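Data block below; observations after.
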Amino acid sequence: MDDDDLDELLDEVEKKFCSKASAASSGVRRSKDENKQEKWSAAKCEPHKSSVSEDIDALLEELLEDDYDSSPQSKGEQFSKREQAEKKLSSQSAGRKCCPVFIGGSSVTNGVGTATSKRSCDQLRCISCDFRVLMFDDSEWDPSCDYLFLRNNVPDRHKLRAKLKKRKGLRAYACQCNWFSSSETTDLRNQPQLRWVCGKHLD
């Protein structure tokens, strides 16, 4: 066998075996790449699945809470809590003084006045004459009313009516030294001539 025949034989062997090896190696490489891709896609899908399941769990919890809140027992509990809060508020207001002090017409609610709930104080006392301030609903003072009239007639409500005129929506106030008629909520800080304070704890 000469050198040319040997070279041809080697070329054939090389073609046969080397092509199989390269195909095998490329197959191995492809399968490795596929495995990597599968792992990556699985890893990518995993948090998505867990986030979906978390969302479902959260939704179920909310539904269960809503069911509990709408149950009659829960509504009863909420109602009793509201009642307790209202009682607590009224008991607290019973010992509180108005701040600031408001007066108003007959349509203005009487009670403890605050900056947020402007109620007309019904416990007024004058710090000048030390008399309790009297109130007359749906009335106003006649222009002829004066200091001497009040000095002689307060606290006699019957005698004071001689200088009162019927006027719906107004409220007339008087102590022994001052008088005022009001139709709307008025802050006493804007009426310096009226030396009236909330006398809740002064009686």
Side-chain angles (χ1 to χ4, degrees), residues 62 65-203:
E62 279 179 29
E65 281 174 12
D66 289 345
D67 286 347
Y68 177 74
D69 288 343
S70 62
S71 68
Q73 185 184 359
S74 171
K75 280 182 181 174
E77 284 172 8
Q78 287 173 358
F79 185 69
S80 64
K81 279 179 185 176
R82 192 181 299 124
E83 276 184 338
Q84 285 170 3
E86 283 172 3
K87 281 178 185 173
K88 191 176 179 184
L89 190 66
S90 63
S91 66
Q92 284 175 345
S93 64
R96 282 169 49 211
K97 291 175 75 172
C98 299
C99 183
V101 181
F102 295 101
I103 57 173
S106 57
S107 60
V108 179
T109 309
N110 289 329
V112 178
T114 64
T116 50
S117 67
K118 298 178 178 181
R119 293 189 177 95
S120 178
C121 182
D122 55 357
Q123 303 288 324
L124 291 168
R125 184 175 283 278
C126 179
I127 56 174
S128 290
C129 64
D130 198 30
F131 268 77
R132 190 183 178 93
V133 178
L134 302 173
M135 298 185 304
F136 301 88
D137 281 350
D138 296 320
S139 304
E140 70 172 335
W141 291 110
D142 189 84
S144 63
C145 181
D146 59 8
Y147 170 79
L148 195 60
F149 172 76
L150 295 173
R151 187 83 180 168
N152 291 331
N153 296 299
V154 169
D156 190 328
R157 297 178 74 89
H158 182 68
K159 288 181 180 176
L160 288 171
R161 289 189 187 281
K163 297 283 184 182
L164 284 169
K165 294 193 299 183
K166 282 282 176 194
R167 195 68 196 282
K168 193 160 180 65
L170 271 81
R171 187 179 279 150
Y173 294 84
C175 61
Q176 202 175 39
C177 62
N178 234 318
W179 65 100
F180 191 79
S181 300
S182 178
S183 60
E184 55 189 26
T185 307
T186 306
D187 189 334
L188 282 181
R189 291 175 297 184
N190 301 327
Q191 300 293 330
Q193 80 280 9
L194 302 173
R195 303 195 64 199
W196 298 341
V197 296
C198 180
K200 202 170 252 308
H201 302 297
L202 299 177
D203 288 333

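The figures here come from the full heavy-atom set of this structure, side chains too, leaving out hydrogens, waters and symmetry mates. Just so you know, these numbers come straight off a predicted model, no measurement behind them. By convention here, the first residue in the shown sequence is residue 1.
Looking only at distances, a side-chain donor or acceptor of Asp146 sits under 3.5 Å from a matching main-chain atom of Phe149. The backbone N or O of Phe102 lies less than 3.5 Å from no partner atom in the side chain of Arg119, so there is not a single donor-acceptor pair. Not a single donor-acceptor pair under 3.5 Å links the side chain of Glu140 to the backbone N or O of Ala172. A donor-acceptor distance shorter than 3.5 angstrom exists from the side chain of Thr186 to the backbone of Glu184, with no hydrogens or angles considered. Looking only at distances, no side-chain donor or acceptor of Trp196 sits under 3.5 Å from a matching main-chain atom of Ala174.
Considering CG of Leu188 and CD of Gln193, their distance stands at 9.0 Å, rounded to 0.5 Å. To the nearest 0.5 Å, the span separating SG on Cys175 from CG on Leu134 amounts to 8.5 Å. Atom NZ of Lys168 is separated from atom OG of Ser107 by 9.5 Å, given to the nearest 0.5 angstrom. Note that the CD1 atom of Ile127 and the CZ atom of Arg195 stand 4.0 Å from one another [nearest 0.5 Å]. Atom CG in Asn110 sits 9.5 Å away from atom SG in Cys98 (nearest 0.5 Å). Here the NZ-CH2 distance, from Lys165 to Trp141, works out to 12.5 Å after rounding to the nearest 0.5 Å.
What you find for Cys145 and Trp179 is that their closest heavy atoms are O-CZ2, 3.3 Å. Contact between Cys126 and Val133 at its shortest, heavy atoms only, is N-CG2, 4.0 Å. The shortest non-hydrogen separation linking Gly104 to Ser120 is N-OG, 3.4 Å. The shortest heavy-atom contact between Tyr147 and Gln176 is CE1-O, 4.0 Å.
Both tests do not hold together for Arg161 against Phe136: distance to the six-membered ring centre under 6.0 Å, angle to the ring axis within 45°.
Using a 4.5 Å cut-off on side-chain heavy atoms (C-beta onward), Asp122 and Met135 make contact.
Using a 4.0 Å cut-off between a side-chain N of Lys or Arg and a carboxylate O of Asp or Glu, Lys166 and Asp138 do not qualify as a salt bridge.
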